[in-house]
Amino acid sequence: MSLNKTDKERVKAFWSKVAGKADAIGAESLARLIVVYPQTKTYFAHWKDVSPNSPNVTKHGKTVMGGVANAVDKIDDLKGGLLELSELHAFTLRVDPANFKLLTHCILVVLAAQFPADFTPEVHVAMDKFLAAVARALAEKYR
Amino acid sequence: MVVWSEQERSIINSIFASLDYDDIGPKALCRCLIVYPWTQRYFGGFGNLYNAEAIKTNPMIGAHGIKVLHGLDRAVKNMDDIKNTYAELSVMHSEKLHIDPDNFRLLADCLTIVIAAKMGTAFTADIQAAFQKFLSVVVNALGRQYH
(Lines give C-alpha, C1' and ligand atoms only; values in the text may rest on other atoms or scores of the structure.)
Protein backbone atom coordinates (compact mmCIF):
# COMPACT_ATOMS: atom_id res chain seq x y z
CA MET A 1 0.00 0.00 0.00
CA SER A 2 2.77 2.42 -0.87
CA LEU A 3 2.18 5.88 -2.32
CA ASN A 4 1.92 6.06 -6.09
CA LYS A 5 2.33 9.14 -8.25
CA THR A 6 -1.38 10.03 -8.10
CA ASP A 7 -1.46 9.74 -4.30
CA LYS A 8 1.52 12.08 -3.97
CA GLU A 9 0.02 14.64 -6.36
CA ARG A 10 -3.31 14.53 -4.51
CA VAL A 11 -1.63 14.94 -1.12
CA LYS A 12 0.47 17.89 -2.26
CA ALA A 13 -2.48 19.58 -3.98
CA PHE A 14 -4.77 19.14 -0.98
CA TRP A 15 -2.04 20.18 1.46
CA SER A 16 -1.47 23.42 -0.40
CA LYS A 17 -5.15 24.23 0.22
CA VAL A 18 -5.08 23.46 3.94
CA ALA A 19 -1.51 24.36 4.93
CA GLY A 20 -2.55 27.84 6.04
CA LYS A 21 -4.73 26.31 8.76
CA ALA A 22 -2.18 23.66 9.82
CA ASP A 23 -1.81 24.98 13.39
CA ALA A 24 -5.55 24.97 14.01
CA ILE A 25 -5.96 21.55 12.39
CA GLY A 26 -3.21 20.18 14.60
CA ALA A 27 -4.68 21.61 17.79
CA GLU A 28 -8.16 20.36 16.91
CA SER A 29 -6.87 16.88 15.99
CA LEU A 30 -4.96 16.45 19.22
CA ALA A 31 -7.89 17.77 21.25
CA ARG A 32 -10.16 15.22 19.62
CA LEU A 33 -7.61 12.44 20.22
CA ILE A 34 -7.63 12.94 23.96
CA VAL A 35 -11.42 13.32 24.16
CA VAL A 36 -12.38 10.46 21.86
CA TYR A 37 -9.56 8.12 22.97
CA PRO A 38 -8.96 9.03 26.63
CA GLN A 39 -6.25 6.38 26.99
CA THR A 40 -3.98 8.65 24.94
CA LYS A 41 -3.85 11.06 27.87
CA THR A 42 -1.39 8.67 29.50
CA TYR A 43 1.31 10.20 27.30
CA PHE A 44 0.64 13.64 28.73
CA ALA A 45 0.70 12.91 32.44
CA HIS A 46 3.46 15.49 32.80
CA TRP A 47 1.02 18.27 31.91
CA LYS A 48 -1.14 19.59 34.71
CA ASP A 49 -3.84 20.66 32.29
CA VAL A 50 -4.76 18.06 29.64
CA SER A 51 -8.09 19.55 28.73
CA PRO A 52 -8.81 19.83 25.00
CA ASN A 53 -8.46 23.62 24.80
CA SER A 54 -5.49 23.96 27.11
CA PRO A 55 -2.38 25.84 25.93
CA ASN A 56 -0.27 22.66 26.12
CA VAL A 57 -2.60 20.73 23.83
CA THR A 58 -2.90 23.61 21.37
CA LYS A 59 0.87 24.10 21.25
CA HIS A 60 1.59 20.40 20.91
CA GLY A 61 -1.02 20.02 18.17
CA LYS A 62 0.85 22.71 16.27
CA THR A 63 4.14 20.84 16.75
CA VAL A 64 2.68 17.56 15.52
CA MET A 65 1.09 19.15 12.47
CA GLY A 66 4.39 20.83 11.71
CA GLY A 67 5.79 17.31 11.51
CA VAL A 68 3.06 16.36 9.02
CA ALA A 69 3.83 19.44 6.93
CA ASN A 70 7.49 18.45 6.92
CA ALA A 71 6.49 14.95 5.83
CA VAL A 72 4.62 16.37 2.82
CA ASP A 73 7.91 17.95 1.74
CA LYS A 74 9.73 14.66 2.19
CA ILE A 75 7.01 12.60 0.55
CA ASP A 76 9.42 11.00 -1.89
CA ASP A 77 11.57 9.56 0.89
CA LEU A 78 9.68 9.41 4.15
CA LYS A 79 12.00 6.87 5.81
CA GLY A 80 15.08 8.98 5.13
CA GLY A 81 13.41 12.33 5.66
CA LEU A 82 11.83 11.38 8.99
CA LEU A 83 14.83 9.47 10.36
CA GLU A 84 15.45 11.82 13.28
CA LEU A 85 11.80 11.94 14.20
CA SER A 86 11.70 8.17 14.07
CA GLU A 87 14.61 7.94 16.49
CA LEU A 88 12.87 10.43 18.78
CA HIS A 89 9.67 8.38 18.81
CA ALA A 90 11.50 5.07 19.17
CA PHE A 91 14.01 5.86 21.89
CA THR A 92 12.64 8.85 23.76
CA LEU A 93 8.89 9.16 23.33
CA ARG A 94 8.11 5.46 22.84
CA VAL A 95 4.54 6.14 21.77
CA ASP A 96 2.79 2.84 21.05
CA PRO A 97 2.40 2.84 17.24
CA ALA A 98 -1.29 1.89 17.57
CA ASN A 99 -1.84 5.50 18.56
CA PHE A 100 -0.64 6.76 15.19
CA LYS A 101 -3.79 5.21 13.67
CA LEU A 102 -5.97 6.94 16.23
CA LEU A 103 -4.42 10.34 15.55
CA THR A 104 -4.63 9.75 11.79
CA HIS A 105 -8.37 9.14 12.16
CA CYS A 106 -8.80 12.36 14.17
CA ILE A 107 -6.85 14.35 11.57
CA LEU A 108 -9.08 12.96 8.81
CA VAL A 109 -12.22 13.86 10.79
CA VAL A 110 -10.96 17.44 11.24
CA LEU A 111 -10.10 17.72 7.54
CA ALA A 112 -13.57 16.44 6.61
CA ALA A 113 -15.28 18.86 8.98
CA GLN A 114 -13.26 21.89 7.90
CA PHE A 115 -12.91 21.19 4.18
CA PRO A 116 -16.03 19.17 3.28
CA ALA A 117 -15.99 20.10 -0.40
CA ASP A 118 -12.26 19.41 -0.91
CA PHE A 119 -12.02 16.26 1.20
CA THR A 120 -13.46 14.01 -1.50
CA PRO A 121 -13.19 10.19 -1.26
CA GLU A 122 -10.21 10.35 -3.65
CA VAL A 123 -8.40 12.87 -1.47
CA HIS A 124 -9.41 10.88 1.62
CA VAL A 125 -7.76 7.68 0.37
CA ALA A 126 -4.60 9.55 -0.63
CA MET A 127 -4.34 11.29 2.75
CA ASP A 128 -5.08 8.05 4.63
CA LYS A 129 -2.33 6.26 2.71
CA PHE A 130 0.03 9.18 3.26
CA LEU A 131 -0.55 9.37 7.02
CA ALA A 132 -0.17 5.60 7.26
CA ALA A 133 3.14 5.89 5.42
CA VAL A 134 4.24 8.64 7.81
CA ALA A 135 3.29 6.40 10.74
CA ARG A 136 5.34 3.55 9.26
CA ALA A 137 8.32 5.85 8.82
CA LEU A 138 7.96 7.06 12.42
CA ALA A 139 7.86 3.49 13.70
CA GLU A 140 10.87 2.49 11.58
CA LYS A 141 13.40 2.54 14.41
CA TYR A 142 11.20 0.97 17.09
CA ARG A 143 12.69 -2.50 16.83
CA MET B 1 -23.14 -3.70 30.04
CA VAL B 2 -22.70 -0.48 28.13
CA VAL B 3 -23.53 2.57 30.21
CA TRP B 4 -24.84 5.64 28.39
CA SER B 5 -24.95 9.08 29.94
CA GLU B 6 -27.97 11.30 29.33
CA GLN B 7 -25.78 13.49 27.19
CA GLU B 8 -24.63 10.57 25.03
CA ARG B 9 -28.22 9.37 24.50
CA SER B 10 -29.27 12.85 23.55
CA ILE B 11 -26.37 13.22 21.09
CA ILE B 12 -27.11 9.91 19.35
CA ASN B 13 -30.83 10.58 19.13
CA SER B 14 -30.25 14.05 17.82
CA ILE B 15 -27.85 12.92 15.09
CA PHE B 16 -30.26 10.24 13.84
CA ALA B 17 -33.36 12.44 14.11
CA SER B 18 -31.91 14.93 11.66
CA LEU B 19 -30.05 12.41 9.49
CA ASP B 20 -30.61 12.55 5.72
CA TYR B 21 -30.40 8.81 5.06
CA ASP B 22 -30.68 9.20 1.29
CA ASP B 23 -27.63 11.46 1.26
CA ILE B 24 -25.44 10.03 4.00
CA GLY B 25 -26.06 6.32 3.32
CA PRO B 26 -24.73 6.30 -0.24
CA LYS B 27 -21.86 8.65 0.65
CA ALA B 28 -20.68 6.46 3.53
CA LEU B 29 -20.75 3.22 1.55
CA CYS B 30 -19.10 4.79 -1.52
CA ARG B 31 -16.34 6.26 0.61
CA CYS B 32 -15.72 2.86 2.19
CA LEU B 33 -15.44 1.17 -1.22
CA ILE B 34 -13.09 3.89 -2.50
CA VAL B 35 -10.90 4.36 0.57
CA TYR B 36 -10.69 0.64 1.40
CA PRO B 37 -10.95 -0.98 -2.03
CA TRP B 38 -10.70 -4.53 -0.68
CA THR B 39 -14.22 -4.07 0.69
CA GLN B 40 -15.42 -4.28 -2.92
CA ARG B 41 -15.02 -8.04 -2.61
CA TYR B 42 -18.54 -8.21 -1.19
CA PHE B 43 -20.12 -6.37 -4.08
CA GLY B 44 -19.34 -8.63 -7.03
CA GLY B 45 -22.93 -8.52 -8.25
CA PHE B 46 -23.34 -4.76 -8.00
CA GLY B 47 -22.22 -3.78 -11.48
CA ASN B 48 -19.52 -1.27 -12.37
CA LEU B 49 -17.13 -0.49 -9.51
CA TYR B 50 -14.20 0.14 -11.78
CA ASN B 51 -13.23 3.56 -10.47
CA ALA B 52 -14.32 6.19 -7.97
CA GLU B 53 -16.68 7.89 -10.46
CA ALA B 54 -18.38 4.59 -11.30
CA ILE B 55 -18.80 3.77 -7.61
CA LYS B 56 -20.22 7.19 -6.81
CA THR B 57 -22.83 6.99 -9.58
CA ASN B 58 -23.73 3.31 -9.13
CA PRO B 59 -27.43 3.21 -8.19
CA MET B 60 -27.22 -0.27 -6.63
CA ILE B 61 -24.48 0.91 -4.29
CA GLY B 62 -26.49 4.02 -3.44
CA ALA B 63 -29.57 1.99 -2.58
CA HIS B 64 -27.52 -0.41 -0.50
CA GLY B 65 -25.94 2.45 1.40
CA ILE B 66 -29.37 3.69 2.42
CA LYS B 67 -30.39 0.18 3.50
CA VAL B 68 -27.27 -0.29 5.64
CA LEU B 69 -27.68 3.09 7.30
CA HIS B 70 -31.28 2.30 8.22
CA GLY B 71 -29.88 -0.86 9.78
CA LEU B 72 -28.62 1.36 12.59
CA ASP B 73 -32.15 2.50 13.51
CA ARG B 74 -32.83 -0.47 15.75
CA ALA B 75 -29.64 0.18 17.70
CA VAL B 76 -30.70 3.79 18.26
CA LYS B 77 -34.07 2.59 19.58
CA ASN B 78 -32.50 -0.10 21.79
CA MET B 79 -29.31 1.51 23.03
CA ASP B 80 -29.38 -0.45 26.27
CA ASP B 81 -29.36 -3.83 24.57
CA ILE B 82 -27.65 -3.49 21.23
CA LYS B 83 -25.92 -6.84 21.68
CA ASN B 84 -29.16 -8.82 21.66
CA THR B 85 -30.91 -6.53 19.21
CA TYR B 86 -28.29 -7.43 16.61
CA ALA B 87 -27.82 -11.12 17.44
CA GLU B 88 -29.73 -12.27 14.35
CA LEU B 89 -28.09 -9.70 12.09
CA SER B 90 -24.71 -10.85 13.36
CA VAL B 91 -25.48 -14.45 12.48
CA MET B 92 -26.62 -13.33 9.04
CA HIS B 93 -23.46 -11.30 8.38
CA SER B 94 -21.38 -14.29 9.42
CA GLU B 95 -23.21 -17.30 7.99
CA LYS B 96 -24.91 -15.84 4.93
CA LEU B 97 -22.86 -12.80 3.89
CA HIS B 98 -19.46 -14.04 5.15
CA ILE B 99 -18.26 -10.52 5.88
CA ASP B 100 -14.96 -10.11 7.75
CA PRO B 101 -16.06 -8.19 10.88
CA ASP B 102 -13.12 -5.80 10.53
CA ASN B 103 -15.07 -4.28 7.65
CA PHE B 104 -17.74 -3.06 10.07
CA ARG B 105 -15.08 -0.89 11.68
CA LEU B 106 -13.96 0.48 8.30
CA LEU B 107 -17.52 1.43 7.34
CA ALA B 108 -18.06 2.99 10.78
CA ASP B 109 -14.96 5.16 10.29
CA CYS B 110 -16.20 6.30 6.88
CA LEU B 111 -19.64 7.08 8.31
CA THR B 112 -18.00 9.20 11.03
CA ILE B 113 -16.09 11.16 8.41
CA VAL B 114 -19.16 11.69 6.21
CA ILE B 115 -21.15 12.96 9.22
CA ALA B 116 -18.22 15.23 10.16
CA ALA B 117 -18.24 16.68 6.64
CA LYS B 118 -22.01 17.27 6.88
CA MET B 119 -22.00 18.81 10.34
CA GLY B 120 -18.74 20.75 10.05
CA THR B 121 -17.68 22.50 13.24
CA ALA B 122 -20.94 21.40 14.88
CA PHE B 123 -19.39 17.91 15.02
CA THR B 124 -17.52 18.68 18.24
CA ALA B 125 -15.04 16.37 19.98
CA ASP B 126 -17.72 15.34 22.52
CA ILE B 127 -20.19 14.53 19.78
CA GLN B 128 -17.51 12.58 17.91
CA ALA B 129 -16.73 10.62 21.09
CA ALA B 130 -20.39 9.71 21.67
CA PHE B 131 -20.97 8.80 18.04
CA GLN B 132 -17.86 6.63 17.87
CA LYS B 133 -18.79 4.93 21.15
CA PHE B 134 -22.23 4.12 19.68
CA LEU B 135 -20.72 2.78 16.45
CA SER B 136 -18.15 0.68 18.31
CA VAL B 137 -20.93 -0.97 20.32
CA VAL B 138 -22.80 -1.69 17.07
CA VAL B 139 -19.62 -3.04 15.46
CA ASN B 140 -18.98 -5.32 18.44
CA ALA B 141 -22.56 -6.59 18.41
CA LEU B 142 -22.41 -7.37 14.70
CA GLY B 143 -19.23 -9.37 15.17
CA ARG B 144 -20.40 -11.14 18.30
CA GLN B 145 -22.06 -14.25 16.79
CA TYR B 146 -19.16 -15.13 14.51
CA HIS B 147 -17.50 -18.43 15.30
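For clarity, every value in this text was computed on a predicted model and none was experimentally measured. Naming convention: chains lettered A, B, ... in sequence-line order (proteins, then strands); numbering from 1 in each chain.
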Side chain / backbone / both / neither for [X] at chain A, heavy atoms under 4.5 Å:
X        : answer
B/Phe131 : neither
B/Gln128 : both
B/Lys118 : neither

Per-residue tally against chain A (heavy atom, under 4.5 Å) across B/Ala117, B/Cys30, B/Ala129 peaks at B/Ala117
Of B/Met119, B/Lys56, B/Lys27, the largest count of non-hydrogen pairs under 4.5 angstrom with chain A goes to B/Lys56
Determine whether [X] and [Y] make a side-chain contact, defined as any pair of heavy atoms from C-beta on separated by less than 4.5 Å.
X        : Y        : value
B/Leu89  : B/Leu142 : yes
B/Asn103 : B/Leu107 : no
B/Lys133 : B/Trp4   : yes
B/Val2   : B/Lys83  : no

From the list A/Ile34, A/Leu33, A/Val110, A/Val36, the residue making the most non-hydrogen contacts under 4.5 Å with chain B is A/Val36
Counting heavy-atom pairs under 4.5 angstrom with chain B, the leader among A/Pro121, A/Pro116, A/Cys106 is A/Pro121
CG (B/Leu97) and CE (B/Met92) are apart, to the nearest 0.5 Å, by 4.0 Å
Whatever's closer than 4.5 Å to a heavy atom in chain B on A/Phe115 counts as neither
Crowding at CD, B/Gln7 (>12 non-hydrogen neighbours, <6.0 Å):
no
